[in-house]
Amino acid sequence: MTETKTGTEKQDILTKIENLDVRIIYFFVIIAVAYPIISPLGLPIPTSEPTMDIYDFIENLPEGSVVLVGSEVGAGAWSEIGPSLNILMQHLFDNNLKPIIISSVVDGAMMAEMYTIPKMIAPGKVYGTDWVNLGYLAGAEPGIAAFATQITSVKPVDYFDTPVEDLEMMKNVKSAADFDLAIICTWGDYEYLQYLRQYAIRFDVPIVVGAKSDMIPGLHPFYESKQVLGYLNGLRGAGEYEILTGHLGYAAASLDASSTYHLVVFALIVIGNLAMVARMFTKNKEGT
Amino acid sequence: MSFIRSRYINIGIIFITAFLMVFTYFFDIPVLANLVIFIQRTVTLIAALTLGWGAINFTMLAYKQVQNKTPTAPFHVYAVVVMLLMIVTGLIPPLLKSPQFLWMYNNVEVPADQTMYAMLAFFVASSCFRAFRARSKESLVMLVAGTFIIFTNIPIGSTISPVLPMIGNWIRKYPMTGASRGFNICVALGSLGITLRILLGREKAVTGE
Amino acid sequence: MWDILGNWISVFLTIAIMSFVIDENVFYRIAEYTMVGGTVGYAIVTGIKVVLNTGISPIMGGDTYMLLAFVVGLLIFTRYSKQYGYLSRWPIALMVGSGLGVASRAIPEVSIIAQIKASFLPIVGVSWGIAISNIILLITLISTLLYFFMTVELKGSLRHISVTGRYSLMILFGAYWGGQLASRSTLFIGRITFLIKDFLFPMLGLA
C-alpha cells in the first residue's frame, strides 16, 4: 500500500468497489426493472428473421388447418414463454386455424387453459369445433411418439374429460400426419428435440418453436438447417410478434424493462473490469 | 430365483423394448406396431404412477426430519400439510378444476414458483459484477461475443446503433452456429454411445445389480 | 373476498421469497416449503388423473390388456420392499428401453446428418462476405468437433485446431451467457409487473 494520501484513497475506493455490498446491486436491479414498467420508454422493436418466418408461414396456412400447440412450459417460466404462446394462439384464431393444445409438462396444459385461452379475442369460436385442449401427456418421448402414431392411444379424453372421439374437430384428426404445423412453446432444450424426432422426421410436420432466450444458441442451428421453420426468442420474439399481428400486449410493454436491466448489468461488468485493470495497474506501479 | 433378481432380466427388457421401437420405425409390421403402441401406453401409465413415488419419498423425508428433531422439521411438516391440502382440493370433482383447487394453484403455487425462478435475475447480476472478469483472451472473446448477442435480444441495441444487432446476428448465424453444431453433434454421438452401453448392459446404474 | 385474500397471499409469497436477497429468514422458508409442498401435491393429483383416464377407464371399458399394463406399473411400488424390491426395476427398464428406442432411432437423422448437411454452404457463386462467413462456420464446426475428440492428441501444428476450437466454444458460451441474462431478466420482470400493476397500482388507486 502506498504511503501518500492520494494512493491510500485510490486503494480504498478500489477495495470498496471490489467489496461492494450485493444489496446495492439488487437495489439498482429493482429500480432498473421497475422504472420502465411505471413509465415506459417506448423503444422501437425491429423484427428479426426467425419471427418473420413464423408469421409468413402461419399467414399462408389455409383456413381450417390443424395446428398442434405444445404448451411445454410450467408456471415457473410462464413469464417468458406465456407471451409467445398467447400471441401465437391469437394469430391462429385470427386466421381461423384450429389449435390442439397438448403438454408433456405436468401443468402446461392447465396454464394454457387458465392464462392463455381467457385472453384470446376469438368471437364465435366454439370449444371442440374450433380448438381443443387435450391436457397433460405423460410418458415423455415414448408418450409423444405414441400420441403422434395414434392420438387416442394415450389421450382417450381431453382436458375436460370429454372422449376425444366425441369432439367435432378431432373426427378427422387421428395422428400427427393430420397436423399442418406444430408450435412448441417450451422451457427446455429437450422438448423441441423430442418433437423434431417424433413429428418432423416421421410425419413431415413443420415445427416452430417459442423458446427461452437461453435456448437460442442450441436452437439456432436447427433453424439454419431449416429443420425448425422459425422461433420466437423469448420475450423479444413475443414482442416482435405482437407488433406484427397488431395485438400489442405484455411482451411489447415489458421489453423496455429488459433493456434497462441489461444496461445495469453492463455497467456492473464495466465497473468490475475497470476495477480489475486499476488494481493490476496499481500493483505494477508498486512493483516498479 | 437368483436369475430373476439378476440384472440380465433388466438388460433383456431394455434391449427388446428398444429394438422393437427402432425396428417398427423402419419396418411397418402391424402386429409389432400394435405391440409398440401398447408398450408406449404402458410407459405412459408407469410415468403417471411414478409421480406417487414423489409423495411417498417426500412424506418419508419429513418423517425422518421429525424423528431426528432437526431444526427444519416444522417446515417439512408444514410442506406435507400444504401437499395434502393441494391433493384434497385437487380431488374435489371435477379433478384439478374445482374452484378451490384453482384458487390454491393460482394464488399459492404459481406466484411461489415464478418468484423462485425470478430470483436468478439478482444472482446473475451480482455474479456478473463479482466474477465476470476479462482476465484472459478466452474470457475476453466470451464477453465480446456475449455483448453483441445481447444487443440482438434487447431493443435498445438497435436504438444505440443498428450495427450492433447486425454484428450480433452475424455472430449468431456463423461462428456461434458452427460451434453449437459441433457441440450438438458431440452430444448426439455421446448419447448414442450411452445408448449402446445401456443396451449392452455396461451401465450398471441403469440396469441395476 | 377470496380474490382479495388470494392476491394478498400471492404478494406475501412473492415478497417473502425476494426477501432472501437481504438475508435468509423464516418468511422465505415458509414460502419455499409452500412451493415444494404445492408442487408435489399438484403432481400427485395429475398422476391420479392420468391413471384414471389411461388405466382405470379403459379397463372398465373392457380393454383387458391395460390390466396387464396397470399391474406392471404397480410393480414400481415394490421398491419399498426388501424382498421384492428387484421387481421395481422391470417397469423402469421398460421406460428406459422405450425412451432409448424412440430417441435413438431419430437422433442420427435430426442431430447429426441434417446438421452436417446444413454446414456445407456454398463458397462459389456467392459474395465474398458470405463465402468467408461460410468458411468461418465450417472452421468453427470442425475445430469444435475435433476439440472433443480425444482419440488422437492434438499436438505440434495440430494444436492450432484445439486453440480455434476453444475460442469457438468461448463464442458459444458467450452467446449462452447473453441468452441467460435475457431469460432471467424476463422472469424477474414478470414478478415486478405483478407487484406493481396487480397490487401497488390498485392499492394506490392508479389502476
Side-chain angles (χ1 to χ4, degrees), chain B residues 5 10 13-14 17-18 21-22 25 39 42-46 48-49 51-52 54-55 58 75 78-79 82-83 86-87 90 95-96 103 107-109 111-115 117-118 120-122 124 138 141-142 145-146 149-150 153 174-176 178-182 184-186 188 195 206 208, chain C residues 6 9-10 13-14 17 21 29 31 33-38 40-45 47 49-51 54-55 69 73 86 89 91 93 95-98 100-102 104-105 107 111-112 115 133 136-137 140-141 144-145 148 167-168 170-175 177-178 182 184-185 187-188 191:
Chain B
R5 286 173 181 272
N10 299 332
I13 293 172
I14 292 172
T17 317
M21 297 291 153
V22 176
Y25 184 68
I39 292 172
T42 308
V43 165
T44 305
L45 198 55
I46 295 169
L49 286 165
L51 292 171
F58 189 66
F75 293 108
Y78 167 71
V82 172
M83 178 189 82
M86 266 314 228
I87 292 172
L95 282 190
L96 295 175
W103 186 93
N107 296 306
V108 175
E109 181 59 24
D113 213 348
Q114 290 189 345
T115 314
Y117 278 84
L120 292 165
F122 287 127
V124 160
E138 285 90 349
V141 165
M142 183 173 154
I149 293 289
I150 281 168
N153 289 337
Y174 294 103
M176 189 211 81
S180 184
R181 262 198 195 135
N184 288 344
I185 290 169
C186 288
T195 301
V206 173
Chain C
I9 290 175
S10 302
L13 289 170
T14 303
I17 292 173
V21 299
R29 284 290 182 108
Y33 281 90
T34 307
M35 191 203 95
V36 170
V40 176
Y42 173 77
I44 288 158
V45 188
K49 189 165 190 253
V50 172
V51 168
T54 57
Y86 66 92
R89 290 204 203 102
M95 281 179 78
V96 168
S98 198
L100 285 179
V102 296
S104 58
R105 68 191 186 188
I107 282 176
S111 299
I112 301 173
Q115 292 294 301
S133 302
I136 288 173
L137 189 151
T140 50
L141 168 65
T144 308
L145 279 172
F148 287 113
Y167 279 109
S168 307
M170 285 298 131
I171 295 172
L172 178 63
F173 297 150
W177 167 69
R184 305 298 168 224
S185 71
L187 301 174
F188 186 64
R191 295 324 292 157

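The chains referred to below are lettered A, B, ... by the order of the sequence lines, with proteins before strands, and numbering in each begins at 1. As the structure is a computational prediction, the values presented were derived from the model and not from experiment. When reading the values below, keep in mind they use all heavy atoms of this one structure, side chains included, and skip hydrogens, waters and symmetry mates.
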> Can you say whether C/Arg29 sits under 4.5 Å from chain B via the side chain, the backbone, both, or neither, judging by heavy atoms?
Replying inline: both
> Between C/Arg191 and B/Gln114, is there a donor-acceptor pair closer than 3.5 Å when you use the side chain of the first and the backbone of the second?
Replying inline: no
>> Can you tell me how the ring of B/Phe75 sits relative to the ring of C/Tyr33, calling it parallel under 30°, perpendicular over 60° and tilted otherwise?
In response: parallel
> Got a sec, which residues hit side-chain hydrogen bond (donor to acceptor under 3.5 Å, both in side chains) with C/Ser133, two or more places apart in sequence or on another chain?
Replying inline: B/Trp170
> Of the backbone (N, CA, C, O) and the side chain (C-beta and beyond), which part of B/Asp113 lies under 4.5 Å from a heavy atom of chain C, both, or neither?
Replying inline: both
> Under the side-chain hydrogen bond (donor to acceptor under 3.5 Å, both in side chains) test, which residues partner B/Thr17, sequence neighbours left out?
Replying inline: none
> Which is it for B/Tyr174 and C/Ile171 under the side-chain contact (heavy atoms from CB on, under 4.5 Å) test, yes or no, and what are the steps along the way?
Replying inline: CA-CA 11 Å; B/Tyr174 294 103; C/Ile171 295 172; over 6 Å; no
>> Are C/Thr34 and B/Tyr78 packed together at the side-chain level, in the sense that at least one heavy-atom pair is separated by less than 4.5 angstrom?
In response: yes
>> Using heavy-atom distances under 4.5 Å, tell me whether C/Ala175 contacts chain B through its side chain, its backbone, both, or neither.
In response: both
>> Please classify the contact between C/Ile136 and chain B as side chain, backbone, both or neither, with a heavy-atom cut-off of under 4.5 Å.
In response: side chain
> By a 4.5 Å heavy-atom criterion (distance strictly below it), what part of B/Phe122 contacts chain C: side chain, backbone, both, or neither?
Replying inline: side chain
>> Between C/Ile44 and B/Met86, is there a side-chain heavy-atom distance shorter than 4.5 Å?
In response: no
> Can you check whether B/Ile149 reaches C/Trp177 side chain to side chain, under 4.5 Å on heavy atoms?
Replying inline: no
